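In this text the structure is predicted, and so the values were computed from the model without any measurement. Each chain gets a letter, A, B and so on, in the order its sequence line appears, and its residues count up from 1.
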Amino acid sequence: MNSSDWSSLFFQIFWIIFFIMILTGANQRIQMKLWSLDVRNKLRVMRRYIDEDNKRIENYLRNLGVENPQFLIRRLANYFIIEPVSIEPTDIIKRLDHLIRNEETSVRKIVSQYLPNIGEYERSLVETSLVILGVLEQVYKIVQHYLIVSEKENNWILLMQLVLVMPQILKYVEIYHNALDPFLTGKPIGDTIGPYIAFKFIENSDVVSQKVIEDTCVLETRFENRRLFIIKAKGPGSNVGKPGKVLADLIENLKGNVDLVITVDAALKLESERVGEIAEGIGAAIGDPGPEKIAIERATSKYNIPLKAIVVKIGLEDAITTMKKEVYEACERAYEYIRRVILETTPPNSTVILAGIGNTIGVS
Amino acid sequence: MIFQLINFETIILIIVLTILLLLLTTYSELKRKPRKPEYETKEILECTKCRHRVLEDFEPGDFISMYKNKCPKCGGLMKVKAIYCIEKTLKY
């Protein structure tokens with residue numbers, strides 16, 4: 001055969017195979033194999049991150065004196081909370097609050113059982129680190145579940161959706177993986193913005209009195225001829241406190257004689273926004289599941305107190321990883337911004353409450 | 001027929017060109033991915049007496065408002081004022 005016969009044969013075989021594949025759906029099966037290979041590769045990356053984090057936490061617990069860290073890790077990494085019934089909304093906030101508190105105390109009790117001789121600071125770091133590991137394990141299991149289901153049932157639409165969403169999932173997993181470092185070493189994170197700004201106000205005012213209620217500090221201070229109450233979670237451990245409930249109780253104790261309530265928190269930015277942008281608005285700047293936010297809203301609306309929200313915009317990666325310099329600089333600017341807001345909106349001798357919302361890790 | 005016009009050498013050329021094109025696309029995709037920056041954590045220590053500031057490496061367990069070290073200028077106690085991370089390649 002000459003070369004043109006060979007090429008003719010080649011193209012004929014090519015077209016025959018092509019049509020057979022189209023008619024039998026083999027092309028789709030090849031596509032599914034490629035997709036599932038892609039998801040499996042990304043799952044392998046996720047498993048590597050989880051194993052690394054597992055090892056780090058295990059070593060940390062061993063150094064703290066736990067003999068069998070894997071048992072504690074398994075027990076808390078798989079810990080879950082069942083959401084309250086929402087079809088009957090009566091008392092849902094009360095029930096949700098009860099469940100959240102129950103979970104917090106149970107986890108604390110378990111950690112304390114295994115680590116009876118450690119301080120509050122280390123205990124909080126252990127708790128948060130195990131929560132991070134739990135999130136990673138959960139995401140891994142869910143992705144693996146959908147992969148197995150799609151393969152089992154030959155559901156290429158499900159697999160295609162999984163392939164399309166995998167880069168985003170992997171990005172979130174990487175962020176959580178990177179978040180373990182600040183929680184094992186006690187570094188401030190992006191979410192520490194609120195407590196850090198509250199701390200700046202404490203440093204620059206004259207403290208009259210202070211008390212700690214439910215892991216939350218309440219300080220009465222004199223600031224620029226105003227009575228300023230500052231609320232923040234108790235540091236320097238990983239703690240968010242109960243700022244909503246404490247703020248509501250404080251307003252009740254003051255019989256509603258408050259001229260302004262300011263909540264300051266970190267907020268997730270849109271892709272088009274710059275990290276560290278400061279924005280001002282109305283409402284409670286707090287990202288809890290509900291009980292804390294509603295407590296602030298109820299207390300301020302009961303006595304008709306103006307409620308201001310000041311937020312510093314950051315990305316998800318900045319929020320749970322070590323505070324970056326640009327975020328720190330934004331905190332300094334936000335302090336000045338809030339100071340100006342207080343001076344502009346309240347006359348001397350008025351009463352102001354400032355709540356620094358967020359995790360106070362690394363800030364006393 | 002068009003098949004008879006395409007000889008064996010042309011097929012080889014098409015295959016080689018396709019491989020080259022694939023390699024080029026992969027290379028440009030890889031190049032497009034931004035480099036992951038590496039960070040190091042620093043802390044600012046401020047003297048409680050003379051306000052002299054020092055930038056140091058963060059040590060695990062340090063926290064803002066913690067008293068640490070003595071001032072190299074006046075010997076006063078130094079306090080951790082800020083903790084943040086910066087890109088390793090950046091000058092500060």
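To the nearest 0.5 Å, atoms SG (B:C85) and NZ (A:K325) are separated by 11.5 Å. Atom NZ of A:K324 and atom OH of B:Y39 lie 4.5 Å apart (nearest 0.5 Å). To the nearest 0.5 Å, atom CE of residue A:M323 and atom OG1 of residue B:T41 are 11.5 Å apart. To the nearest 0.5 Å, atom CD of residue A:E203 and atom CD1 of residue B:I64 are 9.0 Å apart. Atom CD1 in B:I83 sits 9.5 Å away from atom OH in A:Y196 (nearest 0.5 Å).
Atom NZ of A:K171 has 12 or fewer heavy atoms from other residues, nucleotides or ligands within 6.0 Å.
Applying the side-chain contact (heavy atoms from CB on, under 4.5 Å) criterion to B:E46, with sequence neighbours excluded, gives B:R51, B:R53, B:K81. Under the rule for a side-chain contact (heavy atoms from CB on, under 4.5 Å), the partners of A:K234 that lie at least two apart in sequence or sit in another chain are A:E120, A:V212, A:C217, A:N239. B:Y67 is linked by a side-chain contact (heavy atoms from CB on, under 4.5 Å) to B:T48, B:L77, B:K79, counting only residues two or more places apart in sequence or in another chain.
When heavy atoms are compared at a cutoff of 4.5 Å, B:I44 approaches chain A solely by way of its side chain, counted from C-beta outward. At a 4.5 Å heavy-atom cutoff, the contact between B:S65 and chain A is made by backbone and side-chain atoms alike.
Of all residues in residues 173-185 of chain A, those placing a non-hydrogen atom less than 4.5 angstrom from a non-hydrogen atom of chain B are A:E174, A:T185.
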